[in-house]
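Scroll down for the structure; my scribbles are underneath it.
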Number of protein chains: 4
Amino acid sequence: MMSTRHVYNADAQATALFQNNMAYCIGTGRMGLALQEEYQQQMRMVQEEIGFSHIRGHGLFCDDVGIYWPVLDQDGNVVEERYNFTYLDRIFDNYLKVGLRPFLELGFMPKKMASGTQTIFYWEGNTTPPKDHDQWARMIKALLLHLCERYGREEVVTWPVEVWNEPNLRGFWENADLDAYLKLYDVSVGAVKEILPQMRVGGPAVCGGSQCMHFIRTFLEHCRDNKVPVDFVSRHIYMGQDPHRDGRYLYHAMNKPEVNIREAEDTRELIDSFPEFKGYELHITEYNTSYNPFCPTHDTVYNAALIAGLLAKMGDTCASYSYWTFGDVFEEMGIPDRVFHGGFGLVANGLIRKPTFWTFEFFKRLEGKMILREEDCLFVKTENGSIRGVMWNLEKEEKKIEVHFPGMEGKWGVVTRTVDMENGNPLRIWHEMGEPASLTRDQLNILRQSDIPHTDAYSLISDEKGICVEKTLMANAVVYVEITPFKKEESLGYHYPGICE
Amino acid sequence: MMSTRHVYNADAQATALFQNNMAYCIGTGRMGLALQEEYQQQMRMVQEEIGFSHIRGHGLFCDDVGIYWPVLDQDGNVVEERYNFTYLDRIFDNYLKVGLRPFLELGFMPKKMASGTQTIFYWEGNTTPPKDHDQWARMIKALLLHLCERYGREEVVTWPVEVWNEPNLRGFWENADLDAYLKLYDVSVGAVKEILPQMRVGGPAVCGGSQCMHFIRTFLEHCRDNKVPVDFVSRHIYMGQDPHRDGRYLYHAMNKPEVNIREAEDTRELIDSFPEFKGYELHITEYNTSYNPFCPTHDTVYNAALIAGLLAKMGDTCASYSYWTFGDVFEEMGIPDRVFHGGFGLVANGLIRKPTFWTFEFFKRLEGKMILREEDCLFVKTENGSIRGVMWNLEKEEKKIEVHFPGMEGKWGVVTRTVDMENGNPLRIWHEMGEPASLTRDQLNILRQSDIPHTDAYSLISDEKGICVEKTLMANAVVYVEITPFKKEESLGYHYPGICE
Amino acid sequence: MMSTRHVYNADAQATALFQNNMAYCIGTGRMGLALQEEYQQQMRMVQEEIGFSHIRGHGLFCDDVGIYWPVLDQDGNVVEERYNFTYLDRIFDNYLKVGLRPFLELGFMPKKMASGTQTIFYWEGNTTPPKDHDQWARMIKALLLHLCERYGREEVVTWPVEVWNEPNLRGFWENADLDAYLKLYDVSVGAVKEILPQMRVGGPAVCGGSQCMHFIRTFLEHCRDNKVPVDFVSRHIYMGQDPHRDGRYLYHAMNKPEVNIREAEDTRELIDSFPEFKGYELHITEYNTSYNPFCPTHDTVYNAALIAGLLAKMGDTCASYSYWTFGDVFEEMGIPDRVFHGGFGLVANGLIRKPTFWTFEFFKRLEGKMILREEDCLFVKTENGSIRGVMWNLEKEEKKIEVHFPGMEGKWGVVTRTVDMENGNPLRIWHEMGEPASLTRDQLNILRQSDIPHTDAYSLISDEKGICVEKTLMANAVVYVEITPFKKEESLGYHYPGICE
Amino acid sequence: MMSTRHVYNADAQATALFQNNMAYCIGTGRMGLALQEEYQQQMRMVQEEIGFSHIRGHGLFCDDVGIYWPVLDQDGNVVEERYNFTYLDRIFDNYLKVGLRPFLELGFMPKKMASGTQTIFYWEGNTTPPKDHDQWARMIKALLLHLCERYGREEVVTWPVEVWNEPNLRGFWENADLDAYLKLYDVSVGAVKEILPQMRVGGPAVCGGSQCMHFIRTFLEHCRDNKVPVDFVSRHIYMGQDPHRDGRYLYHAMNKPEVNIREAEDTRELIDSFPEFKGYELHITEYNTSYNPFCPTHDTVYNAALIAGLLAKMGDTCASYSYWTFGDVFEEMGIPDRVFHGGFGLVANGLIRKPTFWTFEFFKRLEGKMILREEDCLFVKTENGSIRGVMWNLEKEEKKIEVHFPGMEGKWGVVTRTVDMENGNPLRIWHEMGEPASLTRDQLNILRQSDIPHTDAYSLISDEKGICVEKTLMANAVVYVEITPFKKEESLGYHYPGICE
């Protein structure tokens with residue numbers, strides 16, 4: 001069995017806060033799906049138990065949200081431009097009610113405004129430029145005015161705006177036409193700033209390898225050279241290497257976290273290489289292991305451990321990183337036909353928490369000074385003096401992790417919460433059940449009871465070297481640890497009945 | 001390590017249904033507490049996840065429910081007998097809404113109707129006979145008429161009625177006066193039958209040892225000799241042996257289940273020894289390990305295992321047995337000052353399920369032919385062909401239990417759900433936390449996540465001897481087992497990503 | 001002011017039960033919309049406060065429900081027929097949870113199964129025959145097998161099945177081809193009966209005038225001559241005369257109720273003219289005033305009064321009549337852009353009850369012997385002796401209605417609940433507010449407080465002619481009346497403080 | 001018919017904000033009742049629809065909350081002082097969850113700490129001084145330390161503290177002993193300030209006429225002369241004149257509002273006459289019409305109008321005034337036996353809003369500059385330019401109120417919401433029903449539908465004199481008026497179908 005041994009930095013005074021930006025934003029299936037009840041239930045669960053600040057997804061301008069709603073004459077020509085906010089209000093009201101602010105992605109193209117017929121996904125989002133860029137600008141302005149009227153300028157101005165999605169990919173933007181994107185960006189940022197000059201706008205929301213860096217560089221040069229406003233840079237990061245397909249499913253080997261951390265760092269450096277943009281925020285507006293919603297890895301404890309590796313370091317370079325996505329109400333490649341199918345969600349349909357849900361629930365608690373960060377664990381000291389940490393095992397075998405806390409004296413209580421192959425892993429139970437597509441109520445209950453980490457608790461008394469927490473992690477395990485001063489509350493005559501017969 | 005080996009009775013045709021009457025009735029703290037929100041929340045949880053049919057507790061006529069509400073003159077004399085059903089309606093409406101019918105216990109005595117001042121409990125229930133037995137009878141009749149008007153005769157007539165509680169104990173009935181009890185019984189049954197002749201009435205609701213049998217015998221002789229109607233016999237059973245007190249807490253060694261099963265059998269035989277009453281229903285209207293609400297055993301896995309031993313056999317002789325009680329909203333010995341304090345409830349305050357909750361959740365599923373019953377397990381075959389069982393370990397050490405199912409051919413899926421020292425045992429976590437009296441929200445969440453059994457699943461392929469389920473149980477473990485035909489639902493290209501890196 | 005005077009039939013013994021089939025079925029927007037949260041909220045409201053037994057709508061087989069889910073090869077050919085019940089289960093689980101059984105309408109055509117490209121509605125339901133009728137039959141059978149597995153045969157067999165929708169209209173069925181419909185019917189009924197011979201199947205679900213009667217006659221002849229099973233006949237009824245369009249809206253004069261009652265009677269007579277089908281059930285699977293979801297009349301008190309006229313008599317000839325629709329989550333002609341827009345629903349978006357909601361709430365209470373039915377009122381005597389009635393005014397002016405109850409002696413309590421221009425009419429308030437498209441929270445609250453009937457109560461003492469209820473109704477008012485024996489419950493010293501200063 | 005004519009002060013620039021302190025605090029039945037579910041439901045309703053900031057009631061230290069929980073020896077002597085916060089935590093958690101901060105009233109006396117046996121109320125609160133004032137001080141300190149630990153010092157320090165209740169009445173304080181009160185005050189304020197020096201403490205919480213002023217004066221002199229800290233003065237105000245009793249009920253004529261406004265002003269002047277205390281806050285910690293929970297006036301529209309008269313002016317002199325009480329879960333004079341019985345609540349049992357509920361809902365909206373205040377109306381101009389007002393009629397006949405708004409030009413929308421004998425008056429409907437004690441579900445629904453104001457809306461176009469709102473109010477009517485700029489939102493082709501046949 002492997003083992004590692006770490007010693008925390010006793011000089012917490014000297015250490016910096018852990019840059020934990022994991023809760024700034026979360027991804028979602030297309031906006032129109034937010035009308036669904038199952039979507040809302042999953043969102044409420046995620047917000048109640050984890051709690052993100054912003055939400056970002058596609059489809060704001062797609063026809064199922066129905067914002068662009070012109071009056072047409074009998075030949076189909078636009079007689080009057082009108083906008084329909086019936087669904088948008090319902091969606092945004094619900095976001096705000098659970099504490100989620102929109103991270104607006106301007107896209108895709110309403111059919112009646114589109115210059116072409118190219119669409120993407122089962123739900124057929126049109127990915128061509130507008131026929132008339134003025135129409136596009138007017139729609140953006142009408143949207144912002146409506147939002148200000150409904151939610152107040154002070155509120156709306158805090159929402160970040162990103163122009164389009166992955167324009168460097170042909171499916172998402174006709175011909176992956178960079179010039180056409182820059183034009184769209186210019187028109188969009190202009191429209192936004194006309195209404196709300198303080199609103200933060202960014203791009204280019206690209207995905208993928210070196211071409212992606214080229215896209216960003218050109219974008220920044222364009223902004224610099226043409227004095228086009230830009231407030232932040234955005235891109236996407238996925239860990240999946242070259243895939244192979246089997247039926248409806250996609251499988252691939254995954255990068256080590258450091259590979260993708262490096263991608264973020266490189267992007268950071270690229271931005272900072274522009275004197276005008278040095279220190280501008282970098283937002284990873286999508287990330288995950290695989291970029292495919294039918295990749296079985298998403299549902300596994302392996303996924304949970306990989307994401308832990310990212311969450312430990314992404315905040316060093318990125319103002320946000322938005323896990324793609326919070327739930328499995330998602331239709332890009334069609335409607336899922338089984339509860340576990342490799343969807344992106346932290347929560348599976350039927351309100352079953354997946355292992356990665358817990359990676360987020362654990363990291364959310366890591367507020368305070370970072371007293372230890374290694375390749376397999378991260379610990380902070382909170383304001384009130386307790387220690388909190390997450391440990392993860394990316395090896396293919398068991399691994400024992402020892403963490404020493406010199407100088408911590410007296411008696412301490414330790415709580416651990418473990419997700420691994422045997423605990424908090426409903427996928428395994430479902431698989432052993434025969435992978436039923438439709439769940440009976442009984443099966444659903446069993447899966448819901450198997451989606452919780454295993455909790456353990458014990459106490460430690462310091463010796464001259466302080467205290468030491470040690471834990472053997474199964475492959476892919478993720479473990480939350482909390483260490484607090486142990487205080488026994490007495491009740492006259494009460495004995496803990498551990499062996500009470 | 002101990003081990004046992006059992007072989008099930010392949011001839012399911014020949015076997016009888018398991019007499020599983022565990023869900024007929026559940027106990028509750030005094031009626032007036034049913035007004036409380038925490039009580040209602042615990043009740044809804046128990047009904048949703050287990051589901052009992054009736055509910056029985058004390059205090060129907062006590063002054064906090066306030067049914068007896070006479071108009072008095074200035075000297076305190078009753079000018080007009082009136083009744084106040086404000087609280088009773090609220091309580092019974094809520095019972096019926098969650099599927100619970102009242103098992104009415106007639107008692108205790110409204111202060112203004114009482115002949116004496118003796119009270120019992122922190123909440124001071126008056127336990128003396130009525131000043132005027134006619135007043136008592138009129139109150140019963142007024143109550144039944146009101147219930148019929150509100151809920152319908154057809155409904156109310158199905159509710160069993162028990163006269164008073166534990167009249168063989170001095171605390172519960174002044175001087176434990178048997179003659180006075182018989183008089184109260186006669187008047188009560190007369191009042192009930194005058195309004196609803198079909199309503200089932202019984203007694204004597206006694207508690208304790210040999211004196212208790214004498215009380216039952218005399219009661220039955222009295223009914224027989226005086227042609228007093230009686231529809232069933234009721235008594236209580238507790239497993240606690242001579243206790244010792246420490247501070248607020250009571251500790252005692254517990255009987256083996258067979259000791260209390262024998263008590264039930266003896267009572268059964270006593271009833272059947274009266275030709276007139278042969279086969280009359282025996283209702284155990286209270287049972288538990290300890291009879292004290294500050295006995296720490298109640299919160300343990302040991303309690304869960306002991307109760308499993310009872311549930312396996314009580315139905316052989318008893319029409320019902322009502323666990324005392326569903327929740328920890330309970331005040332007989334005062335208000336609890338810490339979440340775990342040895343209360344009777346299946347659910348602790350804060351909606352934390354105790355281990356014994358699961359004993360009930362597991363046994364509730366045992367419907368069908370009893371194909372195996374041993375001292376440590378019980379299995380049934382359900383109508384649709386699946387096998388369900390519960391195993392428990394009352395030894396002080398680990399025990400391996402093997403169950404063989406000859407004749408079961410092909411592939412079978414097995415799901416196990418385990419409660420033991422390490423799983424579904426929030427008491428242990430709370431103890432390790434330092435036994436905090438008031439829980440923070442975080443502590444509460446951790447305890448709620450530790451109150452769930454550990455779920456496991458796997459599949460078996462038969463050999464020439466059929467299949468065999470084996471499981472090693474920690475001391476005091478209780479395990480639910482479900483065995484169903486294994487059917488794999490295929491999805492083209494899907495591979496279970498158990499080792500997916 | 002107009003006035004009418006009616007005398008009820010004192011000989012209630014001689015009178016028949018009111019044939020009140022209004023609650024058998026309710027219409028809904030397309031099945032896929034049932035995934036939406038607003039839809040579910042409106043449905044729960046309607047079920048809680050009115051309570052229907054079945055629900056019928058379009059789109060069961062449309063691609064947004066996604067049942068037909070074949071595996072395709074790279075050329076798009078079907079490699080394997082598979083079905084996806086993810087969304088269907090969610091939808092039907094929710095229906096059954098609120099007491100609604102599906103009245104299955106088999107339609108429209110999955111794109112991958114369709115022979116043509118004709119679609120209908122904003123949501124593009126394909127309305128062409130199947131490429132391969134065997135595929136269609138296999139899909140029906142797979143659906144029924146799945147439903148039986150999930151909900152049980154005993155349950156599913158009670159759900160009526162209707163083949164397609166309005167095949168006599170070109171938009172709904174390519175070329176309105178009668179022969180093609182008969183073929184589809186034959187195949188469909190064959191598939192259903194192969195799986196569940198007891199399931200009731202009917203058609204032809206036609207809409208409109210004389211051509212519609214021809215369609216029914218031919219359909220019945222076809223079934224008779226070819227021994228094709230048929231269990232009931234279905235058609236639609238709308239009250240709107242020739243419309244004129246203005247912008248997005250449709251306006252038309254409405255028939256008097258007797259015109260449409262006559263349509264039902266004619267259909268009844270047509271069915272009964274077939275000796276083989278005499279007495280077969282007639283289901284009006286859609287009805288309303290206008291057939292257009294942007295007809296402002298739907299939101300008015302006028303609509304409420306017209307529907308009252310229908311509900312009073314439709315049960316004489318029809319086993320059911322399904323109001324089209326329960327709510328305003330509806331997209332056939334696009335997404336509504338303002339809360340009131342003339343949608344079909346009993347409930348407007350935002351959970352605002354429209355006047356017609358109350359027509360249903362009132363008629364739902366009319367169970368018992370019909371002691372009076374006139375052109376402006378209907379009264380029943382319930383089992384427990386109370387009188388309940390609904391009065392409505394279809395005149396364009398105020399009208400006083402007097403109803404005499406000879407023989408009713410003593411003191412009676414009367415409760416009236418009135419919907420008219422001034423009460424229970426949120427449309428008027430919204431109009432006076434300036435017809436805001438997006439409602440603020442305050443506006444929504446005001447509208448929700450204006451959607452309730454005005455309640456009044458008083459008591460009557462009989463004279464030698466019994467009692468008389470009289471009420472002046474504004475134009476289009478609908479009034480519920482309940483008359484019960486008056487019993488005063490005294491409380492010593494309590495005076496009603498009507499003028500208490 | 002009477003009529004009045006008012007002209008608003010067009011110079012809104014010059015006018016001051018309306019001192020609207022009505023929402024600062026609300027009264028409640030004794031703390032222990034907060035455990036009840038009906039109490040919580042009423043509280044949630046009041047908070048959601050009105051929204052108060054603090055809550056004050058009796059019974060914090062009474063034995064049903066059970067805070068003082070000493071360990072006793074066999075003779076009943078205190079061996080160890082301990083405290084039990086099980087119920088308190090549950091109560092305060094729930095208050096804070098709905099946005100209510102405790103306005104702590106220190107009282108009454110735990111039985112085990114009491115020097116005497118005098119009790120008050122059905123629920124027997126002990127109203128004698130402590131046996132040992134140090135014990136009392138330790139309990140206060142233990143309480144505050146616990147609260148700080150649970151809710152944080154920053155939070156707890158904002159809660160006002162009042163010492164005891166109505167010590168000038170013999171029932172509430174043994175012998176109404178002023179010296180004993182001053183001693184209790186000194187000890188209490190000392191204990192509080194020892195733990196939280198910033199916490200605001202006040203008294204003397206007196207009730208009644210001239211004696212009450214004497215009590216306040218002596219109290220302030222005592223504080224001044226002895227340098228005892230005091231942060232505010234509190235007293236109670238009731239409008240009921242000499243009562244007469246009939247059975248369980250109390251009836252009395254009521255003061256005009258100006259009489260009680262004058263009481264507040266006198267108290268204000270008394271405080272300000274002390275140079276040391278000039279400008280110190282005056283809190284009316286209880287007020288209502290009658291001080292008896294079985295006074296039928298509480299349930300009437302007359303009560304609603306009287307309270308409107310108070311709310312219009314109390315803020316001129318008082319920092320808060322706490323209506324006694326929010327709901328009818330209340331037991332001081334015993335358990336109510338009928339839904340309407342003259343209880344204090346804004347909400348009757350069964351969640352029925354009484355007329356006075358709306359007085360509060362209306363006044364809550366009055367935020368802004370006070371542009372008009374007369375004896376029968378009050379109008380403010382809000383920040384966004386709309387006008388809001390309340391009108392009320394305390395005459396015994398109809399009254400027409402005209403309000404002129406010079407200078408308001410253009411088209412304005414007016415919404416009115418009316419509570420009077422015919423609207424929002426469930427008491428009248430219940431009375432006409434025969435005053436049923438226990439409500440059936442149907443009766444409850446009818447009452448719930450009759451507890452809503454009548455909403456009307458219309459628009460006005462200014463003439464040279466601006467606009468004028470006029471309204472005829474029935475006796476005791478209370479009317480909310482809102483005037484906003486009228487903006488018509490067009491939808492092409494939409495006609496309001498007011499007379500649409």
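Just so we're on the same page: letters track the sequence lines, and every chain starts at 1.
Residue with the most contacts toward chain C among D:Asn423, D:Thr289, D:Asn425: D:Asn423 (heavy-atom pairs, distance under 4.5 Å). Options C:Ser450, C:Ser491, C:Pro453 differ in how many heavy-atom pairs under 4.5 Å they form with chain D, and the most are formed by C:Ser491. Chosen from D:His431, D:Glu422, D:Arg365, D:Arg248, the residue pairing most often with chain C at heavy-atom distances under 4.5 Å is D:His431. The most heavy-atom pairs under 4.5 Å with chain C, out of D:Gly342, D:Pro436, D:Gly413, come from D:Pro436. Counting heavy-atom pairs closer than 4.5 Å to chain C, the top-ranked of the candidates D:His454, D:Lys411, D:Glu490, D:Arg428 is D:Arg428. Between chain C and the options D:Thr484, D:Ile452, D:Val414, the largest number of non-hydrogen pairs under 4.5 Å is found for D:Ile452.
Neither the backbone nor the side chain of D:Leu447 has a heavy atom closer than 4.5 Å to any heavy atom of chain C. In this structure, chain C has a heavy atom under 4.5 Å from the backbone of D:His341, while its side chain stays farther away. At a 4.5 Å heavy-atom cutoff, the contact between D:Tyr251 and chain C is made by side-chain atoms alone. Only the side chain of D:Phe486 comes within contact range of chain C, judged by heavy atoms closer than 4.5 Å. Contacts between D:Pro426 and chain C at a heavy-atom distance below 4.5 Å are absent for every atom of the residue. For D:Asp456, the parts lying under 4.5 angstrom from a heavy atom of chain C are both the backbone and the side chain. For a residue to count as touching a neighbouring chain, one of its non-hydrogen atoms must lie under 4.5 Å from one of that chain's; by this rule D:Ile429 touches chain C with backbone and side chain alike. In this structure, chain C has no heavy atom under 4.5 Å from any part of D:Arg245.
Here the side chain of C:Arg388 pairs no donor or acceptor atom with the backbone of C:Leu366 at under 3.5 angstrom. Side-chain atoms of C:Thr300 come within 3.5 Å of backbone atoms of C:Asn303 as a donor-acceptor pair (strictly under, hydrogens ignored). In this structure a side-chain-to-backbone donor-acceptor pair under 3.5 Å is present from D:Lys364 to D:Ile50. Looking only at distances, no side-chain donor or acceptor of C:Asn255 sits under 3.5 Å from a matching main-chain atom of C:Pro257.
Ring centroid separation for the pair D:Tyr291 and D:His252 comes in under the 6.0 Å cut-off.
Between C:Lys354 and C:Asp451, no side-chain nitrogen of the basic residue sits less than 4.0 Å from a carboxylate oxygen of the acidic one, so the salt-bridge criterion is not met. Under a 4.0 Å N-O distance rule, the pair D:Glu49/D:Arg353 qualifies as a salt bridge.
For the pair C:Leu351 and C:Met45, the tightest heavy-atom approach, listed with the atom from each and the gap, is O-CE, 3.5 Å.
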* Kindly indicate, with the supporting measurements, whether the criterion side chain to side chain contact (heavy atoms under 4.5 Å, CB included) is fulfilled by C:Lys488 and D:Glu435. => CA-CA 6 Å; C:Lys488 176 75 181 293; D:Glu435 303 183 359; 3.4 Å; yes

